[in-house]
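What follows is a short report on a single structure.
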Amino acid sequence: VIADAIAGFKRLQRLPVCALTGTDEHGLKIERAAREAGLTPQELADRYAAEFQRTWEEMELKFDAFIRTTEPRHTVAVTELARRIKEKGHIYLGEYSGNYCVSCEAYAPEGEKNCPDCGRPTEFMKEESYFFKLSAFQERLLRFYESHPDFVLPVSRMNEIVSFVRSGLRDVSISRTSFRWGIPLPDDPEHIFYVWFDALTGYLSGVGFGTDPAAFAERWPADVQLIGKDILRFHAVYWPAFLMAAGLEPPRHILVNGWWTVEGEKMSKSRGNFITARDLLSKFPPDYIKYFLLREIPIGGDGDFSWEAFVNRCNSDLANDFGNLVNRTLKMIENYSGGVIPEKGDDEGGDVELIRFSRETVELYKEQFDRLQINRALETVWELVAAVNRYLVANEPWALARESSKRTRLNTVLFNTAETIRLITVLVSPVLRRGARAVLEQLGIGGEVDRLGPEDLKWGVLKPGTRLGKVDVVYPRLDLDVVRASDSPSEGRSSLGEAPTGEEKPRIAIDDFAKIDMRVGRVISAERIPKSKKLLKLMVDIGDEVRQVVAGIGEAYSPESLTGRLVVLVANLQPVRLMGVESNGMIVAATVGDRPVLATFQEEVPPGARLK
RNA sequence: CGCGGGGUGGAGCAGUCCGGUAGCUCGUUGGGCUCAUAACCCAAAGGUCGGAGGUUCAAAUCCUCCCCCCGCAACCA
């Protein structure tokens, strides 16, 4: 949405624009998801790509280029980029080692003893891998940052990156042999390019690198690449280093955006509170959604989506201020001027003031948009909207209409109002495509938003005598109660959170189950482990002995509520130290949302009894 | 002492670097207008600026200590 708004703003000024987006379709996750869905990876990727494209279309986002990493031209680009880097001697064959989860076939992040996906213990593994000599680029990167202090925006993110690079860089692995779904290295096809190397190159392949040198020369380097804060390091460190190594220019800016929360909470599957673009599109026209997203938070920060805030913002700004202004004005032109834009007379003080303010608004808007302060730019436009509403009240055209001697004055006021509305509409057209189209049509000047240009950003373009189109409400008000009633971000899911639709585990033999020693235990004592958020140290009586176990249930249960309680304990797990405390077993609990709920018995059971 | 962000009228925020009438949007209340989408315009009410101490003629702003909230990280055997 941000990229589209920026692109639209540049197009409005008739500047050359190439807005590129795409999908990253290689890697283990797709390979696995496809297998589970009974599809080939390509089929699955096709589905995703179609889904994304449809969403953009419905959102009325206009991209000039779209790259899928499974396209042949992308393979060409990746291969070529790697060739150039290798030619300069920045790639070497080494050994990658780390904690590997066999069942997921993936390495856990450094320091993780357990797989972040399935929670199973990982094994230390080594494999051959090609490495990129990132360590050799530390100084060059730091010099680059110094000479381009606004490379990463906002600056706080730039600082974060500088201090990260200062603390030292290690070479990064760029190939894997543990999966096949990807682009093989040309010189050693056993190796597949690791997803980051592959995906980042999409910025190049999408504009013709290796396939269309003329287009590439024209379009690279990118002026701005938009990312979320979770992938900052790849874009601000690895990416410019890859490019430098290949003798290419880094992008001019990396614009880092924050995350959205919903009603103050993180969006997550387990909370069942995530809202997709499609959820919103099924309820609201794209203008409302885009306006809220762009107006509500400054780029770079985190934002919170709440239905109340959404409805308030849209009603207040789109329906009440702007939409209603358009409607009241055009209705007056219909009633007092026969539905035709009138010829204006001489301007008075208030008129001159309005025109001056309009021009200032255009300048300020451009300035703020250029600084990527889109929320500010919109705010600026709405100050003009308010000024026009005030202008109407000050001049009371409805009163002028009652006296035939005030005819000329009335025409002047109506013209000035209509013209300022036209200007406002042009200003918001990069964001509010649908509304802009509607307003321009109602003004009788055609709704071709894509044809707008810099000449439309001047005051005084509207031609007297223009016949209005059909006047209708542009932005209907939303009703919070209705929205709430149909609000179902978690529609189809239990209010307790998503049921474990998750991965089916493979069938096992009874013997496998018999390996697990589960017993009834009674909690004798429970206390919090210092400095930990959810760990409790429990002493559990399991009949013949008292076990010390550590359980991650401290957020859902207080220590006091646990003493005396019957629990189910897995007694033959390997001991482990958690936050320095030894644990000799595991308390069995269901996971509901992200809360544990302890398993227990309705009838009295003696501690030590075995479960099977 | 893990890293970071934050606590300002009912809600969400700005102001804090560079001390000096506490501002914005929404909401509330009263009024105006009647062209308009219960919309628009005007006005008012409403704040111990998390707490305590200190510096200063003067502190939301500077210093010290404390409390609380939210992310991330470490842990959910």
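Only a predicted model underlies this, so the values are computations on that prediction, with no experimental measurement involved. In what follows, chains carry the letters A, B, and so on, assigned in the order in which the sequence lines appear, proteins first and then strands, with residues in each chain numbered from 1.
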(message) Both A:Val393 and A:Pro476 contact RNA chain B. Which one's nearest nucleotide lies toward the 5' end?
(response) A:Pro476
(message) Taking the nucleotide of RNA chain B with the nearest heavy atom to each, does A:Arg390 or A:Met579 sit closer to the 5' end?
(response) A:Arg390
(message) Under 4.0 Å from OP1 or OP2 of B:A39: is there any side-chain N or O of A:Arg477 that close?
(response) yes
(request) May I ask you to verify if any side-chain N or O of A:Arg295 is less than 4.0 angstrom from the OP1 or OP2 atom of B:C26? (result) no
Just how far, in rounded Å, is [atom2] of [N] from [atom1] of [X]?
{"X": "A:Tyr291", "N": "B:U25", "atom1": "OH", "atom2": "C1'", "answer": "11 Å"}
{"X": "A:Lys331", "N": "B:C35", "atom1": "NZ", "atom2": "P", "answer": "12 Å"}
{"X": "A:Asn312", "N": "B:A11", "atom1": "CG", "atom2": "P", "answer": "14 Å"}
{"X": "A:Arg402", "N": "B:C33", "atom1": "CZ", "atom2": "C1'", "answer": "10 Å"}
{"X": "A:Gln442", "N": "B:U37", "atom1": "CD", "atom2": "C1'", "answer": "12 Å"}
{"X": "A:Leu378", "N": "B:C24", "atom1": "CG", "atom2": "P", "answer": "21 Å"}
{"X": "A:Asn327", "N": "B:A39", "atom1": "CG", "atom2": "C1'", "answer": "10 Å"}
{"X": "A:Tyr336", "N": "B:C35", "atom1": "OH", "atom2": "P", "answer": "5 Å"}

When you check the gap from the basic side-chain N to the acidic O, do [X] and [Y] get nearer than 4.0 Å?
{"X": "A:Glu403", "Y": "A:Lys406", "answer": "yes"}
{"X": "A:Glu360", "Y": "A:Arg356", "answer": "yes"}
{"X": "A:Arg409", "Y": "A:Glu348", "answer": "yes"}

Select base, sugar-phosphate, or nothing to describe what [X] touches, counting heavy atoms under 4.0 Å on all strands.
{"X": "A:Asn320", "result": "sugar-phosphate"}
{"X": "A:Leu573", "result": "sugar-phosphate"}
{"X": "A:Ala394", "result": "nothing"}
{"X": "A:Asn324", "result": "base"}
{"X": "A:Val326", "result": "nothing"}
{"X": "A:Asn315", "result": "nothing"}

(message) In dot-bracket form, 5' to 3', how is RNA chain B paired? Count Watson-Crick and G-U wobble pairs only if both distances fall under 3.5 Å, and write | where the partner sits on another strand.
(response) .(((((((.[[[[.)....(..]]]].(((((.......))))).....[[[[[..)....]]]]])))))).....
(message) Looking only at the aromatic ring of each residue, does the gap between the centers of A:Phe357 and A:Trp459 stay below 6.0 angstrom?
(response) no
(message) Using the ring centroid of each side chain, check whether A:Tyr288 and A:Phe292 are separated by less than 6.0 Å.
(response) no
(message) When you compare the side chains of A:Asp351 and A:Tyr391, does any donor N or O come within less than 3.5 Å of an acceptor on the partner?
(response) yes
(request) Output the single nucleotide from B:C40, B:C33, B:U37 whose closest atom is nearest the side chain of A:Glu396. (result) B:C33
(request) With A:Asn416 as reference, evaluate A:Asp347, A:Asn411, A:Asn395 under the side-chain hydrogen bond (donor to acceptor under 3.5 Å, both in side chains) test and give the passing residue. (result) A:Asp347
